[in-house]
Amino acid sequence: QVQLVESGGGLVQPGGSLRLSCAASGSIFIINNMAWYRRAPGKERELVAAITRGGNTNYADSVKGRFTISRDNAKNTVYLQMNSLKPEDTAVYYCNADIAARERPRYAAGYWGQGTQVTVSS
């Protein structure tokens with residue numbers, strides 16, 4: 001059984017910072033790509049940032065220069081450092097990871113965390 005657990009969300013004023021974490025646990029053989037998505041009220045889910053196992057990254061245009069995605073492969077954890085936050089960043093943020101379990105090391109599946117609320121407001 002593989003699980004993703006996010007933490008670090010909360011309420012922050014515009015211009016502030018937050019750091020999200022997402023730890024994968026369970027019977028893991030390897031974690032390939034990891035990513036953060038978000039869903040704002042009344043909007044569809046969108047990709048915020050993604051990172052490969054080797055550390056290559058890509059970002060949504062709306063967060064470039066403000067957000068940084070990173071990962072610690074030894075800890076099976078991905079992070080999202082969010083700086084210069086804006087009210088439009090308010091959303092539920094979800095962690096996603098492409099994981100092969102030990103029981104099926106040749107088969108990778110996508111897993112989602114439960115989501116963490118980020119609210120940017122004065």
Side-chain angles (χ1 to χ4, degrees):
Q1 195 82 353
V2 174
Q3 280 189 316
L4 297 179
V5 178
E6 298 122 334
S7 60
L11 173 64
V12 63
Q13 291 187 343
S17 298
L18 281 176
R19 188 192 196 209
L20 305 182
S21 299
C22 172
S25 63
S27 182
I28 296 170
F29 176 70
I30 193 169
I31 302 177
N32 299 314
N33 295 342
M34 304 185 83
W36 289 95
Y37 287 77
R38 67 186 180 187
R39 177 176 282 151
K43 295 186 177 182
E44 294 188 355
R45 184 176 61 196
E46 64 171 347
L47 175 66
V48 176
I51 185 168
T52 67
R53 182 169 181 81
N56 293 321
T57 59
N58 67 281
Y59 297 90
D61 288 343
S62 59
V63 306
K64 281 180 181 176
R66 300 188 298 122
F67 291 10
T68 301
I69 189 171
S70 61
R71 65 189 284 174
D72 184 333
N73 290 331
K75 295 182 179 179
N76 291 334
T77 300
V78 63
Y79 306 96
L80 185 67
Q81 177 66 44
M82 304 184 293
N83 298 329
S84 302
L85 282 161
K86 304 174 181 180
E88 51 263 44
D89 294 317
T90 296
V92 178
Y93 284 71
Y94 298 90
C95 172
N96 172 267
D98 186 48
I99 299 174
R102 289 198 188 99
E103 294 78 11
R104 300 182 70 182
R106 293 177 178 269
Y107 174 75
Y111 292 85
W112 292 91
Q114 79 285 358
T116 185
Q117 177 70 45
V118 171
T119 302
V120 185
S121 175
S122 55

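The disulfide bond (SG atoms under 2.5 Å apart) pairs that include a residue from residues 57-122 are C22-C95, where partners are two or more places apart or lie in different chains.
Scanning both residues, A60 and L47, for their nearest heavy atoms gives CB-O, 3.4 Å. Between S17 and S84, the closest heavy-atom pair is OG-N, 4.4 Å. V48 and F67 make their closest contact through CG1-CD2, 3.7 Å (heavy atoms, listed as atom of the first residue, atom of the second, distance). In plain terms, the two heavy atoms of I69 and Y59 that are nearest each other are N-OH, 2.9 Å. Annotation for G113 and Y94: closest pair O-CD2, 3.8 Å, computed over non-hydrogen atoms. The two residues T90 and A40 make their nearest non-hydrogen contact at O-CB, 3.6 Å.
With contacts defined as side-chain heavy-atom distances shorter than 4.5 Å, the pair D72/Y79 qualifies. In this structure the side chain of R38 reaches within 4.5 angstrom of the side chain of D89, judged on heavy atoms. At a threshold of 4.5 Å between non-hydrogen side-chain atoms, the residues I28 and V2 count as touching. Using a 4.5 Å heavy-atom cutoff, the side chains of R53 and R71 are in contact. Counting heavy atoms from C-beta on, the side chains of N96 and R45 never come closer than 4.5 Å. In this structure the side chain of L11 never reaches within 4.5 angstrom of the side chain of Q117, judged on heavy atoms. Using a 4.5 Å heavy-atom threshold, the side chains of R66 and M82 count as separate. With contacts defined as side-chain heavy-atom distances shorter than 4.5 Å, the pair N76/I99 does not qualify.
Separation of atoms CD (Q81) and OG (S21) is listed at 9.5 Å; rounding is to 0.5 Å. From T52, atom OG1 reaches atom CG of D98 across 11.5 Å, with rounding to the nearest 0.5 Å. For the atom pair N33 CG and N58 CG, the distance stands at 9.0 Å (nearest 0.5 Å).
In terms of modelled atom types and a separation under 3.5 Å, the side chain of Q114 and the main chain of V5 share no donor-acceptor contact. Between the side chain of Y37 and the backbone N or O of W112, no donor-acceptor pair lies under 3.5 Å.
Annotation for F29: atom CZ does not count as buried by contact number, only 12 or fewer foreign heavy atoms lying within 6.0 Å. Counted within 6.0 Å of CD on Q3, heavy atoms from surrounding residues, nucleotides or ligands total 12 or fewer; the atom is thus considered open.
At a threshold of 4.5 Å between side-chain heavy atoms, the hydrophobic network of Ile, Leu, Val, Met, Phe, Trp and Tyr places L18 and V78 in one connected group. A continuous path of Ile, Leu, Val, Met, Phe, Trp and Tyr side chains, each step under 4.5 Å between heavy atoms, connects L80 with V12, placing both in one hydrophobic cluster.
Ion pairing of D61 with K64 is present here, as a side-chain N (NZ or NE/NH1/NH2) and a carboxylate O approach within less than 4.0 Å.
Take Y111 and apply the ring-ring contact (aromatic ring centres under 6.0 Å, His included) test, not counting sequence neighbours, and it matches no residue.
A side-chain donor-acceptor contact under 3.5 Å links E103 and S27.
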